[in-house]
Amino acid sequence: MLTINLIREQPDAVVERLKIKNFDAAGIVSTVLDLDRRRRELQAENDAVQAELNNLSREIGSMMKEGRKNEAETAKSGISKLKENQKQLSESLDEVSRAMQDELIRLPNLPHPLVPAGKTAEDNVTVRSGGTLPELFDGAAPHWDLIKRYDIIDFDLGIKITGAGFPVYKGKGARLQRALVNFFLDEGEKAGYREIEPPIVVNEDSGFGTGQLPDKEGQMYHVGIDNLYLIPTAEVPITNIYRDVILDASDLPIRNIGYTPCFRREAGSWGSHVRGLNRLHQFDKVEIVQIAHPDSSYEALEEMVTHVEGLLMKLGLPYRIVRLCGGDISFTSAMTYDFEVFSAAQQRWLEVSSTSNFEAFQANRLRCRYREKGAKQTTLCHTLNGSALALPRIVAALLENNQTPDGIRIPAVLVPYTGFELISCPT
RNA sequence: GGAGAAAUGGCAGAGUGGUCGAUUGCGGCGGUCUUGAAAACCGUUGUCCGGGCGACUGGACCGGGGGUUCGAAUCCCUCUUUCUCCGCCA
């Protein structure tokens, strides 16, 4: 959520910047400004009447104390009209404030000036790439065939137990999952992140804080009986640690990392290009989250990008880093880098991480603020997060790129975690 | 799941209808003293929304929401959470 101050002070700049996101904000901005003006008028009136009521009550109080009963009764009878007036004022004030909030919430975050214009993923800008595209041997297969051949991931079993998009990992497949999670967590801790194991269901306030609610409830699994949501990403619980928190400037940046399963309904986003591990309802992900000082949040973003890039290099996967264009960047983000790995048998780039700076947009919803040493006033923090990394597509690329006629080679960095170097046919 | 108790500022803990945004202690910050530090002493110390260039000033907030009353931290209703006991249990 953008702050009302920003809109009040630079309405034209807001409208202009949002054009990069292909969002026409002019209508909302002018409505917000009207409502804001109305709100302040109403508050001034309401406060004045309230002040008068407070004074009268105090006077009645002292009359009662001094035993001037009759005077007090007279004063009481004269107060009802004021009360009626105040009630109406405060109701209008609530109404206008709520209306303003509802409008404000519809505005996306402003994109950073470096965000390129554009409509679709075609317009994203490749920042850099690394690794070498593998040459596959004749008979190389896509991962959905490999997982059957080596009996490591079972979609049919998942359908039996739960439904489509809930795979069962078996044997070396399960072990590989565990290895990747541990590898990612260990690398994160080496880079200064504190490990968090959060709840994987969250309440409405948390969903609102990070921006999933009120708009995207259709994308989350909802536990109706308790009104809780299964998390679509660890970003939600880990960022919400800092909801309604005032930090010291010296605490920043805060670096947290957490592994969780993630749950996404993915309503309406299925098709032939999402075969196998490319899109799931439940998947594992290690997420990094930073709470940063506004002056250095883009340094934090670069640091996160470097970290994620390091993981891909260590795994030996060919990757590219793209800066998302205005049309492809999310509602809440100011700047996003997507990381894609090349999956050789599919001949496709697969997104494995999305690393973003939300600036103060989430922090405003979260009321996550910091205070400079000795200062009285508080300022909104900047929040950032990134996948480091999401497992399924990493697994897809590892299986496809590292396949040999004898089996699938495990990258050297993972061998201490898996305890094996090769996934071969079950005998 | 059953029965009871409770929820107050960073923490502890007073306050049961009238200048209470709230006594006090601890912690924090500033100062005096000291070569420095500690101790002692003095002062200060919540958040949010308005008005004002500013000094300053109006309003809201005592777990959330609603109600009673001229007036609510205090009374009533409701929800949530915590604690104790019992039951169940990884």
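Lettering of chains follows the sequences in order, A, B, ..., and the numbering in each one begins at 1.
- The salt bridge (charged side-chain N to carboxylate O under 4.0 Å, His left out) check on Glu299(A) picks up nothing, with sequence neighbours excluded.
- Atom name C1', nucleotides G9(B) and A5(B): the rounded distance is 23 Å, in whole Å.
- Using modelled atom types, one side-chain atom of Asn203(A) and one backbone atom of Ser206(A) make a donor-acceptor pair closer than 3.5 Å.
- Atom CZ in Phe331(A) sits 6.5 Å away from atom CG in Asp215(A) (nearest 0.5 Å).
- Separating the C1' atom of G65(B) from that of U23(B) is a span of 30 Å, rounded to the nearest Å.
- Spacing between A72(B) and G67(B) at atom C1', rounded to whole Å, works out to 11 Å.
- On the P atoms, G4(B) is 16 Å away from C76(B), given to the nearest whole Å.
- Remark: Phe166(A) engages His281(A) in a ring-ring contact (aromatic ring centres under 6.0 Å, His included) (not counting sequence neighbours).
- As rounded to the nearest Å, G15(B) and G52(B) have P atoms that lie 43 Å from one another.
- Asp123(A) places no side-chain N or O within donor-acceptor distance of the main-chain N or O of Gly118(A), the cut-off being under 3.5 Å.
- A donor-acceptor pair shorter than 3.5 Å can be found between the side chains of Glu235(A) and Gln362(A).
- For the OP1/OP2 pair of G50(B) and a distance below 4.0 Å, the side-chain nitrogens and oxygens of Arg38(A) include no atom meeting the criterion.
- Remark: the Tyr193(A) side chain and the Gln290(A) side chain contain an N/O donor-acceptor pair separated by less than 3.5 Å.
- Within the structure, salt bridge (charged side-chain N to carboxylate O under 4.0 Å, His left out) pairs that include any residue of residues 28-49 of chain A comprise Arg8(A)-Asp36(A), Asp34(A)-Arg37(A), Asp36(A)-Arg39(A), Asp36(A)-Arg40(A), Arg38(A)-Glu41(A) (at least two apart or interchain).
- Here CD of Glu351(A) is found 4.0 Å from CG of Asp338(A). Values are rounded to the nearest 0.5 Å.
- To the nearest whole angstrom, the two P atoms, one in A55(B) and one in C41(B), are 34 Å apart.
- Consecutive Watson-Crick or G-U pairs involving RNA chain B, each under 3.5 Å on both distances, make up stems of three or more pairs at B:1-7 with B:80-86, B:10-12 with B:24-26, B:27-32 with B:40-45, B:46-51 with B:56-61, B:63-67 with B:75-79.
- Atom P of U16(B) sits at a distance of 13 Å from the matching atom of A73(B), rounded to the whole Å.
- When rounded to the nearest whole Å, the span between CD of Gln377(A) and P of U47(B) equals 11 Å.
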Between the protein and nucleotides 59-68 of chain B, are there any N/O to N/O pairs under 3.5 Å, and if so, what are the atom names and distances?
from: G59(B); atom 1: O2'; to: Asp47(A); atom 2: OD1; distance (Å): 3.3

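- By the ring-ring contact (aromatic ring centres under 6.0 Å, His included) test, Phe23(A) is found to be paired with no residue, residues two or more places apart in sequence or in another chain being considered.
- In this structure, the NZ atom of Lys376(A) is 8 Å from the P atom of U45(B), given to the nearest Å.
- Rounding to whole angstrom units, CG of residue Leu366(A) and C1' of U47(B) are separated by 17 Å.
- Between G17(B) and G13(B), the two C1' atoms lie 22 Å apart (nearest whole Å).
- Between Leu53(A) atom CG and A72(B) atom P there is a gap of 10 Å when expressed in whole angstrom units.
- For C48(B), one of the phosphate oxygens OP1 or OP2 lies less than 4.0 angstrom from a side-chain nitrogen or oxygen of Arg369(A).
- For Met64(A), the side-chain atoms get nearest to G18(B) when compared with the rest of G50(B), G18(B), U47(B).
- Look at Arg367(A) and you won't find any side-chain N or O under 4.0 angstrom from OP1 or OP2 of U47(B).
- Regarding contacts with the backbone of G71(B), a side-chain N or O of Lys83(A) is found under 4.0 angstrom from either OP1 or OP2.
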